[in-house]
Number of protein chains: 2
Amino acid sequence: MKTQEAAHCLAELGNVTRLQIYRLLVKAGKNGLSVGDIQLALNIPGSTLSHHIRRLAKVKLIEQNKAGRTIFCKSQYNKLQEIIDFLVDKCCEGEACLEKTKISACQ
Amino acid sequence: MKTQEAAHCLAELGNVTRLQIYRLLVKAGKNGLSVGDIQLALNIPGSTLSHHIRRLAKVKLIEQNKAGRTIFCKSQYNKLQEIIDFLVDKCCEGEACLEKTKISACQ
DNA sequence: TATTTATTTCTATATTTTTAGAAATATAGA
DNA sequence: TCTATATTTCTAAAAATATAGAAATAAATA
C-alpha cells in the first residue's frame, strides 16, 4: 500500500462515528450487519449514517451487498491488514522490532 | 484505548503530509530525526511542517526533545501499538482471527 | 396497486482542516 | 553584541468535512 492510499484509509477511520461503524463491523465478522442494525446500535440519522458508510465502502474498508431492501455491510479485513502492514513497515531502520499482525481468517 | 482517542490518532495519521512525517520517524528508530531533517526530506514550508508535527505530538504519536536550537522528534511506538490493538480487538465475534502485532523494541 | 420499510441522494449550513507567508523566539557562534 | 540558524507562532484564505432534514428510490407486503 502506498502513502496516499494509506492516508486516505486512515482519514476515513479518523472520525468517531465512522470508527464506531467500522468497529461494529470488525467485531461482527463475516456476516456483517445491516445498515438498520448499525443505525439501531448508534442511534444516528439515516442520512448521516449512509454518508459515512459510503465513505468507508469507497476506500474498501467495508463492502456492501444488497438482499432485498436490506443492505448488509461487512469489514474487508484484508484492507485493515494492509494498513497495519504499511504502518509498521521497516520500523526502526529495519531492526524488525515489529512483528506483523496476521489476519488469518475472515478474509 | 477508547474510540474517541483512537479516532483522534487515526485522523492525525490520515493526512498525507503528516503520514509521511510519521513514517519517516517510525523508520528512523529511537534517535529520531530533527525538524530540519524532516523538512529536507519532504521539502515543505517550515510553518506547515511545524503545524503537522505539533498535531502528531499533541496526540502522543511522536515526542520532541530540544537539543540546543535543534528539536528532535521520534515515534512513540507504544501509541501505534495501542491503535493497532484497538483496531483488531474482538475481531469476528471473538473468534480470535487476528494475531496481535507486538512492538517489542524501540519503546 | 397502494402502503410500508430500508436506504440513498440532494441540499445547505456550520465547523474543521490545510496551507503558507510573515513575524517572533531562542540558541549558537563570530 | 551582532548575526545566522532552527523552529515556532500568528494570521488569513481556500478547501474539505460533518451533520441532518427532506425528498427520492426500490423492494416487500397488504
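Only a predicted model underlies this, so the values are computations on that prediction, with no experimental measurement involved. The sequence lines fix the lettering, A, B, ..., with proteins before strands; numbering per chain opens at 1.
For dT19(D), the OP1/OP2 oxygens have a side-chain nitrogen or oxygen of H52(A) closer than 4.0 Å. Dashed line: the shortest gap from a side-chain N or O of R54(A) to OP1 or OP2 of dT7(C) is not under 4.0 Å. Contact annotation: R18(B) reaches the phosphate of dT18(C) (side-chain N/O to OP1 or OP2, under 4.0 Å).
If you check every strand for non-hydrogen atoms under 4.0 Å, T48(A) touches a base. Residue contacts shown for G46(B) include a base, since a base heavy atom lies under 4.0 Å away. Looking at heavy-atom distances under 4.0 Å, H51(A) makes contact with a base.
Straight-line distance from the CG atom of N15(B) to the P atom of dA15(D): 16 Å, rounded to whole Å. Distance CD1 (I53(A)) to P (dT19(D)): 14 Å, rounded to an integer number of Å. Separating the CG atom of L49(B) from the P atom of dA20(C) is a distance of 11 Å, rounded to the nearest angstrom. For the pair I71(B) CD1 and dT27(C) P, the interatomic distance rounds to 10 Å; values are reported in whole Å. One can place CZ of F72(B) at 14 Å from C1' of dT5(D), the figure rounded to the nearest angstrom. Spacing between atom CG of D37(B) and atom P of dT7(D) amounts to 8 Å, rounded to whole angstrom units. At whole-Å resolution of the value, CG in N43(B) and C1' in dA20(C) are 13 Å apart. Protein atom CG of N65(B) is 17 Å distant from nucleotide atom C1' of dT8(D), rounded to whole Å.
If S47(B) and E12(A) are placed on DNA chain D by their nearest nucleotide, the residue sitting closer to the 5' end is S47(B). If Q64(B) and R55(A) are placed on DNA chain D by their nearest nucleotide, the residue sitting closer to the 5' end is Q64(B).
Considering every non-hydrogen atom in both I44(A) and Q39(A), the closest pair reads O-NE2, 3.0 Å.
The base of dT7(D) has none of its N or O atoms less than 3.5 Å from a complementary donor or acceptor on the side chain of R69(B).
Atom CG of L25(A) sits about 11.0 Å away from atom SG of C92(B), to the nearest 0.5 Å. To the nearest 0.5 angstrom, K27(B) atom NZ is 6.0 Å from K90(A) atom NZ. With rounding to the nearest 0.5 angstrom, the SG atom of C9(A) is 5.0 Å from the CD atom of E5(A).
Taking hydrophobic clusters as Ile, Leu, Val, Met, Phe, Trp and Tyr residues chained together by side-chain heavy-atom distances below 4.5 Å, M1(B) shares a cluster with L13(A). Cluster annotation: L24(A) and L19(A) are assigned to the same hydrophobic cluster (Ile/Leu/Val/Met/Phe/Trp/Tyr, side-chain heavy-atom contacts under 4.5 Å, transitive).
Distance from the side chain of T17(A) is smallest to dT19(D) among dT27(C), dT19(D), dA6(D). The side chain of S50(A) sits closest to dT8(C) out of dA6(C), dT7(D), dT8(C).
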**OP:** Return one dot-bracket line describing DNA chain C 5' to 3' (Watson-Crick or G-U wobble pairs, both distances under 3.5 Å; ( ) same strand, [ ] crossing, | another strand, . none).
**Re:** ||||||||||||||||||||||||||||||
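Looking only at side-chain heavy atoms (C-beta outward), I62(A) and K74(A) stay at 4.5 Å or farther from each other.
For the pairing with S34(A), the side chain to side chain contact (heavy atoms under 4.5 Å, CB included) check across N31(A), I38(A), D37(A) returns one residue only, D37(A).
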